[in-house]
Number of protein chains: 2
Amino acid sequence: MKNIIEVLKEYDIAPSMQRIKILEYLQNYKIHPTADMIYQALEDEIPTLSKTTVYNTLKTFTEKGILVALSLFENEVRYEYNTYPHIHFKCIKCNKIYDMDKSFDLYKDDIIDGHKVIEHHVNLKGVCKECIKEEE
Amino acid sequence: MKNIIEVLKEYDIAPSMQRIKILEYLQNYKIHPTADMIYQALEDEIPTLSKTTVYNTLKTFTEKGILVALSLFENEVRYEYNTYPHIHFKCIKCNKIYDMDKSFDLYKDDIIDGHKVIEHHVNLKGVCKECIKEEE
DNA sequence: GTACAACTTTGTAACGATTACAAACTTGAA
DNA sequence: TTCAAGTTTGTAATCGTTACAAAGTTGTAC
């Protein structure tokens with residue numbers, strides 16, 4: 001396993017104690033933790049740790065490219081009336097969500113690796129046609 | 001277009017004014033609105049409308065099967081250390097997220113229908129192997 | 001028509017994840 | 001040793017959402 005301090009330096013991040021522990025946790029526990037999970041796991045080891053530090057650190061890591069943040073539709077639940085399987089495309093500029101009729105292998109109701117699939121979502125994110133126009 | 005009152009009755013939902021207007025909005029504006037978007041669109045027409053009513057109604061519609069609620073990772077951002085393209089499976093019982101190495105057509109950096117794709121996520125939801133065991 | 005029960009709607013308060021902000025602390029170079 | 005830049009911390013605020021209880025509405029039995 002790569003030295004954590006070197007990884008941080010590689011990404012141009014000062015290797016503070018908090019940052020080292022957080023990255024170490026992420027390397028060891030690949031359960032896609034939330035900020036809160038990380039905080040709870042480390043608060044015994046670093047009793048002064050602040051949740052804000054965890055958020056700040058994760059933000060820094062994500063900005064510098066060490067991590068990827070997963071959360072397609074962020075804080076909002078979106079509702080749709082039609083429910084045939086299709087692909088969603090969300091524009092990062094205007095926040096509109098478009099339906100796309102590209103087909104895909106649907107795993108709904110399949111068993112994969114022993115896990116039972118109930119829902120299958122394909123989500124794209126990018127800049128929509130309209131917003132590309134406006135950029136020019 | 002189908003009569004809205006009949007659709008509601010079909011799904012065993014009493015057709016109140018609020019419910020009719022909300023369903024009408026969803027039929028007419030297929031932009032996958034948030035609860036708040038719906039509230040804002042209707043508050044002029046129904047000045048006494050409460051946000052709670054919108055939330056209640058959407059919950060009812062979703063429970064009865066008129067709508068589908070989209071929001072894969074809910075309120076939480078999850079972080080991951082490795083970033084090769086893969087499929088995520090989230091267990092609805094234990095909330096763990098598993099990586100799956102099934103391959104899929106990757107649309108990243110493609111242009112589809114004029115929209116530029118920057119991110120491409122495939123997300124499955126269901127009951128994981130462990131939790132299936134526990135159910136028996 | 002009245003009364004009552006069941007259902008709906010409403011407003012306020014609370015919640016949980018996240019962010020803003022400013023004060024306190026740490027670091028390293030001049 | 002000092003100072004500036006960077007880092008950490010705690011508190012308060014924000015945003016989407018939910019809990020809860022009071023008020024309003026409806027339909028049916030009398």
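- Spacing between atom CD1 of I13(B) and atom C1' of dC7(C) amounts to 13 Å, rounded to whole angstrom units.
- Partners of K9(B) under the side chain to side chain contact (heavy atoms under 4.5 Å, CB included) rule, at least two apart in sequence or in another chain, are I5(B), P15(B).
- Qualifying side chain to side chain contact (heavy atoms under 4.5 Å, CB included) partners for E63(A), counting only residues two or more places apart in sequence or in other chains: K59(A).
- Here the C1' atom of nucleotide dT18(D) and the CD atom of E63(B) are 13 Å apart, to the nearest Å.
- Listed by chain and residue number, D36(B) satisfy the side-chain hydrogen bond (donor to acceptor under 3.5 Å, both in side chains) test with K51(B) (two or more places apart in sequence, or in another chain).
- dT8(D) atom P lies 13 Å from atom CG of L42(A), rounded to whole Å.
- Of the candidates dT8(D), dT9(C), dT17(D), dT8(D) carries the atom nearest the R19(A) side chain, counting heavy atoms from C-beta on.
- For the pair K64(A) NZ and dG6(D) C1', the computed distance is 12 Å after rounding to whole Å.
- Between the NZ atom of K21(B) and the P atom of dT8(C) there is a distance of 19 Å, given to the nearest Å.
- Between the CD1 atom of I20(A) and the P atom of dT7(D) there is a distance of 13 Å, rounded to whole Å.
- What you find for Y25(A) and A41(A) is that their closest heavy atoms are CE1-CB, 3.3 Å.
- With contacts defined as side-chain heavy-atom distances shorter than 4.5 Å, the pair V7(B)/I13(B) does not qualify.
- One can place NZ of K59(B) at 15 Å from C1' of dT9(C), the figure rounded to the nearest angstrom.
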Margin query: Go through it in stages, so that I can follow the logic: the residues are I66(A) and L26(A), the test is side chain to side chain contact (heavy atoms under 4.5 Å, CB included), and I'd like the CA-CA distance, side-chain angles, deciding distance and then a yes or no.
Written below: CA-CA 10 Å; I66(A) 293 192; L26(A) 284 159; over 6 Å; no

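- Under the side chain to side chain contact (heavy atoms under 4.5 Å, CB included) criterion, T57(A) pairs with R19(A), I22(A), T53(A), F61(A), sequence neighbours left out.
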Note to self: As a quick check of understanding, evaluate side chain to side chain contact (heavy atoms under 4.5 Å, CB included) for L124(B) and D110(A), giving each step before the final call.
What the structure shows: CA-CA 11 Å; L124(B) 309 177; D110(A) 284 7; over 6 Å; no

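- Remark on the helix from dG1(C)-dC30(D) to dA30(C)-dT1(D): inter-end axis angle 10°, axes from five-pair C1' superpositions, rounded to 10°.
- The phosphate of dT18(D) (OP1 or OP2) has no side-chain N or O of Y55(B) nearer than 4.0 angstrom.
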Could you list the protein-to-nucleotides 10-15 of chain C atom pairs, N/O on both sides, closer than 3.5 Å?
from	atom 1	to	atom 2	distance (Å)
dT10(C)	OP1	Q18(B)	NE2	3.4
dT10(C)	OP1	T48(B)	O	3.1
dT10(C)	OP1	T48(B)	OG1	2.8
dT10(C)	OP2	S50(B)	N	3.4
dT10(C)	OP2	T53(B)	OG1	2.8
dT10(C)	O5'	T48(B)	O	3.2
dG11(C)	N7	S50(B)	OG	3.4
dG11(C)	N7	T52(B)	OG1	3.4
dG11(C)	O6	T52(B)	OG1	3.2
dT12(C)	O4	T52(B)	OG1	3.3

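- Partners of K64(A) under the salt bridge (charged side-chain N to carboxylate O under 4.0 Å, His left out) rule, at least two apart in sequence or in another chain, are D12(A).
- Rounded to a whole Å, the CE atom of M37(A) is 16 Å from the C1' atom of dT18(C).
- Pairs passing the salt bridge (Lys or Arg N to Asp or Glu O under 4.0 Å) check and including a residue from residues 37-48 of chain B, sequence neighbours excluded, read K21(B)-E45(B).
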For nucleotides 28-30 of chain C, tabulate all protein N/O to nucleotide N/O atom pairs closer than 3.5 Å, reporting atom names and distance.
none

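- A search for side chain to side chain contact (heavy atoms under 4.5 Å, CB included) contacts involving K116(A) returns I111(A), I132(B), not counting sequence neighbours.
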